[in-house]
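Take a look at the structure below.
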Amino acid sequence: QVQLVESGGGLVQPGGSLRLSCAASGTINSIYSMSWYRQAPGKQRELVADITNNNANYADSAKGRFTISRDNAETTVDLQMNNLKPEDTAVYYCKMRIGTLRPPAMSFNDYWGQGTQVTVSS
């Protein structure tokens with residue numbers, strides 16, 4: 001069983017910064033990709049950033065302000081968010097595509113964290 005736990009959300013003023021972290025635990029043999037999504041009230045969940053190996057991709061809304069980083073050894077992924085805006089207010093979720101060895105093959109599945117609230121308001 002794999003579990004993802006996010007931390008680092010909170011209330012911040014416009015222009016401020018937050019750093020989100022997501023840690024995976026359980027039976028993990030490989031992590032193919034790590035991602036951050038967010039869902040604002042009344043809106044669909046959207047991709048904010050993802051990273052596969054060392055290749056990172058960002059939504060247009062995140063480019064230049066957010067940085068995703070991963071540490072495979074620690075099975076964690078962080079999202080550094082700078083110059084936050086009120087429209088960044090949402091619940092942020094991490095997702096990892098994790099491989100579990102089931103001989104003779106590796107089985108990959110997507111796992112989600114429980115979400116962490118980010119509120120940007122003065």
I would like to know whether Leu20 and Glu6 meet side chain to side chain contact (heavy atoms under 4.5 Å, CB included); could you show each step before the answer?
-> CA-CA 7 Å; Leu20 306 182; Glu6 298 117 335; over 6 Å; no
Quick check: are there more than 12 heavy atoms from other residues, nucleotides or ligands sitting under 6.0 Å from CD of Glu87?
-> yes
What are the two closest non-hydrogen atoms of Pro14 and Ser121, and how far apart are they?
-> CD-C, 3.6 Å
Is Phe66 reachable from Val120 through a run of hydrophobic residues whose side-chain heavy atoms are each under 4.5 Å from the next?
-> yes
Distance in Å, Met96 CE paired with Asn109 CG, rounded so as to fall on 0.5 Å steps = 14.5 Å
Please round to the nearest 0.5 Å and tell me the distance separating atom CZ of Arg97 and atom CG of Asp110.
-> 4.0 Å
Scan the side chains in residues 31-38 for donor-acceptor partners under 3.5 Å anywhere in the protein, sequence neighbours excluded, and list what turns up.
| unit_1 | atom_1 | unit_2 | atom_2 | d |
| --- | --- | --- | --- | --- |
| Tyr37 | OH | Lys95 | NZ | 3.4 |
| Arg38 | NE | Glu46 | OE2 | 2.7 |
| Arg38 | NH1 | Asp88 | OD1 | 2.9 |
| Arg38 | NH1 | Tyr92 | OH | 3.0 |
| Arg38 | NH2 | Glu46 | OE2 | 3.3 |
| Arg38 | NH2 | Ser61 | OG | 3.3 |

Measure the shortest side-chain to side-chain distance between Leu11 and Gln117 over non-hydrogen atoms and say whether it is less than 4.5 angstrom.
-> no
Rounding to 0.5 Å, atoms CZ (Arg70) and OG1 (Thr75) come to a distance of 10.5 Å
Joint cluster assignment, Val48 & Leu4, ILVMFWY side-chain distance < 4.5 Å | yes
For Gly8 and Leu18 the tightest heavy-atom approach is O-CD2, 3.8 Å
Atom CG of Asn54 with >12 non-hydrogen neighbours under 6.0 angstrom = no
Would Asp78 and Ser21 count as a side chain to side chain donor-acceptor pair (under 3.5 Å) if you check the C-alpha gap in whole Å, the side-chain angles of each, and the deciding distance to 0.1 Å?
-> CA-CA 4 Å; Asp78 292 346; Ser21 292; 2.9 Å; yes
Are Ser7 and Thr116 close enough that some pair of their side-chain heavy atoms sits under 4.5 Å apart?
-> no
Taking the side chain as C-beta and beyond, is there a heavy-atom pair between Ser69 and Asp71 under 4.5 Å?
-> no
For Cys94 and Val77 the tightest heavy-atom approach is CB-CG1, 4.5 Å
Val5, Val2: one ILVMFWY side-chain cluster at the under-4.5 Å cut-off?
-> no
With rounding to the nearest 0.5 Å, note down the distance linking CG in Asp50 to OH in Tyr58.
-> 9.5 Å
So among Thr67, Leu79, Ile68, which one has a side-chain contact (heavy atoms from CB on, under 4.5 Å) with Ile51?
-> Ile68
Spatial distance of atom CE (Met106) from atom CD1 (Ile98) [nearest 0.5 Å] = 11.5 Å
Just how far is it from atom OG of Ser107 to atom CG of Leu101, taken to the nearest 0.5 Å?
-> 10.0 Å
